[in-house]
*Asks:* 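My questions will all concern the structure given below.
Just so you know, these numbers come straight off a predicted model, no measurement behind them. In what follows, chains are A, B, ... by sequence order, proteins preceding strands, each numbered from 1. Only this structure's heavy atoms are used, side chains among them; waters, hydrogens and symmetry mates stay out.
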Amino acid sequence: MRQPKKCHHKASDRAYVKINGQRIYLGKWNSQEADDAYDRQILKWRKAKDSSQELTTTVGELCLAFMEHAEEFYRDDAGNQTGEANNYRYALRPLIKLFRNVKCYQFGPSKLIEVRDELAAVHVRQQVNNNLARIKRVFKWGVSQELIPVSVFAALQTVEGLKRSRSKAKESQPVLPVPIDDFNKTLPYLTEPLSRMVQFQILTGARPSEARLLKVGDINTEGEVWLYKPNSHKNKWRGKARIICIGPKAQAVIMPFVEDAVSGAQYVFTPSDSSNQPYSLHGMISSISKACRKAKVESWSPGRLRHNAATSINQAFGDLDASRVVLGHAEKTTTEIYAERDIQKAIEIAKQIG
DNA sequence: ACTCGTTTATGAGATGGAGT
DNA sequence: ACTCCATCTCATAAACGAGT
């Protein structure tokens with residue numbers, strides 16, 4: 001709605017403004033007094049308008065507005081979407097399904113709990129809590145955009161996440177290293193580039209995407225140990241650096257591809273049919289799991305190779321910090337996620353040797 | 001343990017080129 | 001034209017990670 005204009009009542013040489021069909025006289029035309037009065041009326045008008053918008057916004061409208069914002073907001077510095085917008089889309093789905101047409105000011109904690117229960121029926125507990133937090137954040141954003149009153153958000157804040165072993169939601173299972181036998185049995189069923197890529201990962205502890213996107217020119221081959229500084233990695237947005245050290249074994253694995261490369265812009269690992277495209281994440285994953293099926297071993301995913309690297313470094317050096325440095329973690333507590341698997345292994349062994 | 005992110009995992013079906 | 005095979009796409013679930 002357009003802002004009402006200040007008008008001139010010529011007959012009496014006064015200023016007036018028409019709000020909701022009503023004329024309000026402001027005083028002598030072109031006087032300070034009239035201008036001030038006009039500003040006051042507009043302020044009042046805007047407030048009334050805003051609060052009426054705050055009261056009419058529905059949950060569906062809020063979600064829609066937020067998603068438009070999210071599509072633009074969650075991007076890396078190359079301008080590509082990071083996937084967070086997608087995460088929101090799925091998080092908001094049950095909310096929209098249940099309460100699309102409810103006015104936001106009528107959406108209180110008990111309704112949010114209903115959504116939480118809906119999430120708990122399908123998701124792992126941690127995921128329930130993550131998505132619950134995302135929903136709350138959408139309402140927070142709504143307040144910041146003056147789409148809804150802050151009281152709505154404040155009330156929703158009182159709904160807590162599900163606590164361990166005190167909810168219906170299932171717990172997630174820990175991720176373990178790939179059994180080395182399975183790994184070795186799978187290798188022959190992979191194409192050459194893929195086989196070398198997974199070997200590269202198990203030796204260096206590189207993340208799947210760090211391996212996929214490795215370009216020949218990214219490698220500093222000056223020293224005895226080569227250095228690879230990925231130009232995109234998980235914590236770049238936080239301003240962290242990441243360097244992957246490529247020792248002699250890993251060098252041998254990628255050597256043929258590095259030698260064959262005609263330019264530094266070439267990816268080290270490329271699918272057989274493409275000129276110079278990296279593997280897609282899903283492509284490499286599904287190829288690996290198909291190879292596992294052929295090799296008749298339980299299917300494993302490339303991310304787990306990072307656990308293999310962590311565990312073997314930990315065993316070789318008996319030092320958690322060694323693993324931490326190689327994996328590039330800032331906090332030791334993060335590395336402990338990986339190292340704990342050793343305890344699991346000890347338990348398995350104890351079971352057998354009594 | 002929570003917050004706010006980013007990245008990886010899965011499975012079924014689609015696609016596109018090579019070999020027959 | 002037909003089939004095989006590696007890889008990709010789609011939809012969505014889950015794990016990883018720094019900071020506090």
*Asks:* For A:Glu118, enumerate each residue passing the salt bridge (Lys or Arg N to Asp or Glu O under 4.0 Å) test, keeping only those at least two apart in sequence or located in another chain.
*Replies:*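 For A:Glu118, the residues satisfying salt bridge (Lys or Arg N to Asp or Glu O under 4.0 Å) (neighbours in sequence not counted) are A:Lys97.
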*Asks:* Regarding A:Ser209 and A:Arg212, is there a side-chain donor-to-acceptor distance under 3.5 Å anywhere?
*Replies:*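 There is such a pair between these side chains.
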*Asks:* Quick check against the 3.5 Å criterion: does A:Asp218 have a side-chain atom that pairs as donor or acceptor with the backbone of A:Tyr228?
*Replies:*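 The answer is no, because no donor-acceptor pair under 3.5 Å joins these two groups.
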*Asks:* Check every atom of C:dA6, B:dG5, C:dT9 against the side chain of A:Lys294 and return the nucleotide holding the closest atom.
*Replies:*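 Among C:dA6, B:dG5, C:dT9, the one nearest the side chain of A:Lys294 is C:dA6.
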*Asks:* Are A:Gln199 and A:Ser195 close enough that a side-chain donor and a side-chain acceptor fall under 3.5 Å?
*Replies:*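 Yes - a donor-acceptor pair under 3.5 Å links their side chains.
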*Asks:* With no hydrogens and no angle check, is any side-chain donor or acceptor of A:Arg14 less than 3.5 Å from a backbone partner on A:Trp29?
*Replies:*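 Pair absent, no side-chain N/O of A:Arg14 close to backbone of A:Trp29.
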*Asks:* If I take atom NE2 in residue A:His307 and atom P in nucleotide B:dT8, what distance separates them, rounded to the nearest angstrom?
*Replies:*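 Nearest whole value for this atom pair: 12 Å.
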*Asks:* Please give, in whole Å, the distance from B:dC2 P to A:Gln157 CD?
*Replies:*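 Interatomic distance, CD of A:Gln157 to P of B:dC2: 13 Å.
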*Asks:* How close or far is atom P of C:dT12 from atom CG of A:Asn86, stated in whole angstroms?
*Replies:*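 Going from A:Asn86 (CG) to C:dT12 (P), I get 9 Å.
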*Asks:* Between protein and nucleotides 18-20 of chain B, what N or O pairs are separated by less than 3.5 Å?
*Replies:*
none

*Asks:* Please report, rounded to the nearest Å, how far the P atom of B:dT8 is from the CD1 atom of A:Ile288.
*Replies:*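 Those two atoms, CD1 and P, are 12 Å apart.
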*Asks:* Please pick, from C:dT7, B:dT10, C:dA13, the nucleotide with the shortest atom-to-atom distance to any side-chain atom of A:Thr191.
*Replies:*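 Nucleotide nearest to A:Thr191's side chain: C:dT7.
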*Asks:* Between A:Lys28 and A:Asp13, does any NZ, NE, NH1 or NH2 come within less than 4.0 Å of an OD or OE carboxylate oxygen?
*Replies:*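 Yes.
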*Asks:* Tell me: OH of A:Tyr279 to P of C:dT7, nearest whole Å?
*Replies:*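 The answer, rounded to whole Å, is 4 Å.
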*Asks:* Going by heavy atoms closer than 4.0 Å, what residues in residues 193-213 of chain A are next to DNA chain C?
*Replies:*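 Residues of residues 193-213 of chain A under 4.0 Å from DNA chain C: A:Leu194, A:Arg207.
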*Asks:* Heavy-atom distance under 4.5 Å between the side chains of A:Leu119 and A:Pro94, does that happen here?
*Replies:*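 Sidechains of A:Pro94 and A:Leu119: in contact.
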*Asks:* Return the 5'-most residue of the pair A:Lys170, A:Leu327 with respect to DNA chain C, ranking by each residue's nearest nucleotide.
*Replies:*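 Nearest nucleotide further toward 5': that of A:Lys170.
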*Asks:* A:Ala85 or A:Arg125: which one's nearest nucleotide on DNA chain B is closer to the 5' end?
*Replies:*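 Closer to the 5' end of DNA chain B: A:Arg125.
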*Asks:* Do A:Val253 and A:Leu190 sit in the same hydrophobic cluster, where Ile, Leu, Val, Met, Phe, Trp and Tyr count as joined when their side-chain heavy atoms come under 4.5 Å apart?
*Replies:*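 Per the 4.5 Å side-chain linkage, A:Val253 and A:Leu190 are co-clustered.
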*Asks:* In sequence, state the C-alpha distance, the side-chain angles, and the governing distance for A:Phe183 and A:Val297, and then conclude on side-chain contact (heavy atoms from CB on, under 4.5 Å).
*Replies:* CA-CA 9 Å; A:Phe183 178 79; A:Val297 300; over 6 Å; no
*Asks:* May I ask you to verify whether the side chain of A:Gln127 and the base of C:dA14 hold a donor-acceptor pair under 3.5 Å?
*Replies:*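 Donor-acceptor pair under 3.5 Å: yes.
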*Asks:* A:Phe139 and ring-ring contact (aromatic ring centres under 6.0 Å, His included): which partner among A:Phe66, A:Tyr105, A:Phe107, A:Phe99?
*Replies:*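 It is A:Phe107; the other options fail the test.
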*Asks:* Parallel, tilted or perpendicular: which one describes the rings of A:Tyr74 and A:Tyr88, with boundaries at 30° and 60°?
*Replies:*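 Aromatic pair A:Tyr74/A:Tyr88 classed parallel.
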*Asks:* Looking for any heavy atom pair under 4.0 Å, which part of the strands does A:Arg75 touch: base, sugar-phosphate only, or nothing?
*Replies:*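 No contact.
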*Asks:* Parallel, tilted or perpendicular: which describes the rings of A:Tyr25 and A:Tyr16, with under 30° parallel and over 60° perpendicular?
*Replies:*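 Answer is tilted, since the angle falls between 30° and 60°.
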*Asks:* Got a list of protein N/O to nucleotides 11-14 of chain B N/O distances below 3.5 Å?
*Replies:*
{"unit_1": "B:dG13", "atom_1": "O6", "unit_2": "A:Lys290", "atom_2": "NZ", "d": "3.4"}

*Asks:* Can you check the A:Gln126 CD to C:dA14 C1' distance for me, whole Å?
*Replies:*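 One finds 9 Å between C1' of C:dA14 and CD of A:Gln126, rounded.
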*Asks:* Given C:dC8, B:dG5, C:dG17, which nucleotide is nearest the side-chain atoms of A:Arg306?
*Replies:*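 The nucleotide sitting nearest to the side chain is C:dG17.
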*Asks:* I'd like to check the side-chain hydrogen bond (donor to acceptor under 3.5 Å, both in side chains) partners of A:Asn87; sequence neighbours left out, ordered by chain and number.
*Replies:*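 A:Asn87 satisfies side-chain hydrogen bond (donor to acceptor under 3.5 Å, both in side chains) with A:Glu84 only.
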*Asks:* What's the CZ-P distance between A:Arg304 and B:dT7, to the nearest Å?
*Replies:*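 Interatomic distance, CZ of A:Arg304 to P of B:dT7: 22 Å.
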*Asks:* Give me the residues of residues 128-139 of chain A where at least one heavy atom lies under 4.0 Å from an atom of DNA chain B, by number, or none.
*Replies:*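 Within residues 128-139 of chain A, the residues near DNA chain B are A:Asn130, A:Arg134, A:Arg137.
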*Asks:* When you match A:Tyr90 and A:Ser287 each to their closest nucleotide on DNA chain C, which lands nearer the 5' end?
*Replies:*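 Nearer the 5' end of the strand: A:Ser287.
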*Asks:* What's A:Arg93 touching, base or sugar-phosphate or nothing? Going by heavy atoms closer than 4.0 Å.
*Replies:*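 Answer is sugar-phosphate: A:Arg93 comes under 4.0 Å of backbone atoms only.
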*Asks:* Just by distance, do the side chain of A:Arg196 and the backbone of A:Phe269 share a donor-acceptor pair under 3.5 Å?
*Replies:*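 No.
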*Asks:* Within this structure, what is the CG-to-P distance between A:Leu281 and C:dA15, rounded to whole angstrom?
*Replies:*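 Rounded to the whole Å, the gap is 16 Å.
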*Asks:* Which heavy-atom pair separates A:Lys5 from A:Val17 by the least distance, and what is that distance?
*Replies:*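 Heavy atoms only, the tightest pair is O-CG2, 3.5 Å.
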